[in-house]
2 protein chains.
Amino acid sequence: MPDAIDTIVGQWSKERPDLADALWPVQLLGRAQRLARFADKSAKEIAAKHGVEHGEFDVLSTLQRSGPPYTLTAGALLKAAMVTSGAITNRIDRMEAKGLVERVRDGEDRRTVQIRLTSQGHEVMSHIISDHLANYARLLADVDRETCTRTADGLRAVLEALGDASLR
Amino acid sequence: MPDAIDTIVGQWSKERPDLADALWPVQLLGRAQRLARFADKSAKEIAAKHGVEHGEFDVLSTLQRSGPPYTLTAGALLKAAMVTSGAITNRIDRMEAKGLVERVRDGEDRRTVQIRLTSQGHEVMSHIISDHLANYARLLADVDRETCTRTADGLRAVLEALGDASLR
DNA sequence: TGCTTTTATCTCAACGTTGAGATTATCAAG
DNA sequence: CTTGATAATCTCAACGTTGAGATAAAAGCA
């Protein structure tokens, strides 16, 4: 059964037959983008339900999963989030105002700013993460588990080839 | 070899062992999001090289692959692009100013606006698409073709289960 | 010690998207 | 016809991100 990407590839094949042999990457990358859009949109709704922006959820998540003392530099956060420095500064500003994180400048290197999850941030996050994972599971409810595993493994191979480094 | 998502899943398993069994969707959706980010960022650069925004490239692409007469309604474009109506209006405004598309209100249903690719838009697009596909191929250059095919098929199954309808 | 380069974060204006509401047109009854 | 409901697009203020430049601290080197 054709999906949206099959349609797109079919349309291009007709319109530009000379490019037919160059369309195969779209089958993979186009679908990854499409799936990511659905997942993003869905995750955004879950986060909003708990009163945080999508990007803020990302920061909370990165901090909590980093484990005690739930503290990372602004630089580590922007790399993990794949956004620019301006975006991280803004997110931290907003989150600090909400009491979710706090900036700590300690002695070692005074250029860096340590961002620490507050107990309130910790609390909010523990509620969101369950919802978030349940939502993700719901999205994939109709897909058999082996397809998920196999596809995830394929994506891992692709990301490795792309040089997507481990985070630590 | 672990990738960024393996690291994330590992961190969560340690921090919240009670959620260990609920992390499997992240293996798939997290990687899709990550791959999509790389692809998006790369596509954005290609489009910029030709003087168009990422979203504008999306519109050009949708119009051209739709085939003669290279005309779609604003509504069709916003569905294809998965964005809101405001975004499409703005994109069309900008693109019309650049001479890439033109609004045509013909008689049938005067609520709708037909967006038509101009000859200039056509020309710009034919240059971009080759670059774009070459860039996509370059991204996947180090991945063996069968992995791509297998993974793309897996993603199609997931998208179908999500109800991602064919576009026409 | 002094000078330059590099690193980390913040500042801020420009930009694109969102999302609710307004506008205008069509359709379905009555 | 007229009314009410539905549909398609546009308007616009609020919002988050980008990206270049500024600031300040640390590291490299003479």
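Per chain, numbering begins at 1; letters A, B, ... match sequence-line order. Given the structure is predicted, the values throughout are model-derived calculations rather than measurements.
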Separation of [N] [atom2] from [X] [atom1] (nearest whole Å):
X	N	atom1	atom2	value
Ile92(B)	dT11(D)	CD1	P	12 Å
Leu72(B)	dT9(D)	CG	C1'	15 Å
Asn90(A)	dT18(D)	CG	P	10 Å
Arg110(A)	dA24(D)	CZ	P	12 Å
Glu53(A)	dA14(D)	CD	P	16 Å
Leu78(B)	dA8(D)	CG	C1'	9 Å
His54(B)	dG16(C)	NE2	P	13 Å
Lys44(B)	dG19(D)	NZ	C1'	9 Å

Original post:
Is the shortest side-chain N to carboxylate O distance from Asp93(A) to Arg103(A) below 4.0 Å?
Top reply: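 Yes.
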Under 4.0 angstrom between [X] side-chain N/O and [N] OP1 or OP2:
X	N	answer
Arg91(B)	dT18(C)	no
Arg105(B)	dT24(C)	no
Arg103(A)	dC10(C)	yes
Arg94(A)	dT17(D)	yes

Original post:
Taking atom types as modelled and ignoring hydrogens, do the side chains of Asp144(A) and Thr147(A) form a donor-acceptor contact shorter than 3.5 angstrom?
Top reply: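 Looking only at side-chain atoms, Thr147(A) and Asp144(A) do form a donor-acceptor pair, the distance falling under 3.5 Å.
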Can you identify which nucleotide, out of [options], has its nearest atom closest to the [X] side chain?
X	options	result
Ser85(A)	dA26(D), dA8(D), dC10(C)	dC10(C)
Thr112(B)	dC10(D), dT18(D), dA8(D)	dA8(D)
Asp109(A)	dA25(D), dT9(D), dT9(C)	dA25(D)

Original post:
Which is true for Gly86(B) with a 4.0 Å heavy-atom rule: it touches a base, it touches only sugar-phosphate, or it touches nothing?
Top reply: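 Touches a base.
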**OP:** Hey, could you give me each pair passing side chain to side chain donor-acceptor pair (under 3.5 Å) that has a residue in residues 43-57 of chain B? Not counting sequence neighbours.
**Re:** His50(B)-Asp131(B), Glu56(B)-Arg94(B), Glu56(B)-Lys98(B)
**OP:** Return the set of residues passing side chain to side chain contact (heavy atoms under 4.5 Å, CB included) with Asp6(A) (not counting sequence neighbours), or none when no residue passes.
**Re:**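 In terms of side chain to side chain contact (heavy atoms under 4.5 Å, CB included), with neighbours along the sequence ignored, Asp6(A) is linked to Pro2(A), Asp3(A), Gln27(A), Arg31(A), Arg156(B).
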Original post:
For Ala87(A) and Gln114(A), take the nucleotide of DNA chain C holding the closest heavy atom to each; which residue's nucleotide lies nearer the 5' end?
Top reply: Gln114(A)
Original post:
Toward the 5' end of DNA chain D, which comes first, Thr73(B) or Gly55(A), by nearest nucleotide?
Top reply: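 Between the two, 5'-proximity favours Thr73(B).
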Original post:
Just by modelled atom types, is the Phe57(A) backbone N or O under 3.5 Å from a matching donor or acceptor in the Ser61(A) side chain?
Top reply: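 A pair under 3.5 Å: no.
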Original post:
Between the base of dT9(C) and the side chain of Arg111(A), is there any donor-acceptor pair under 3.5 Å?
Top reply: no
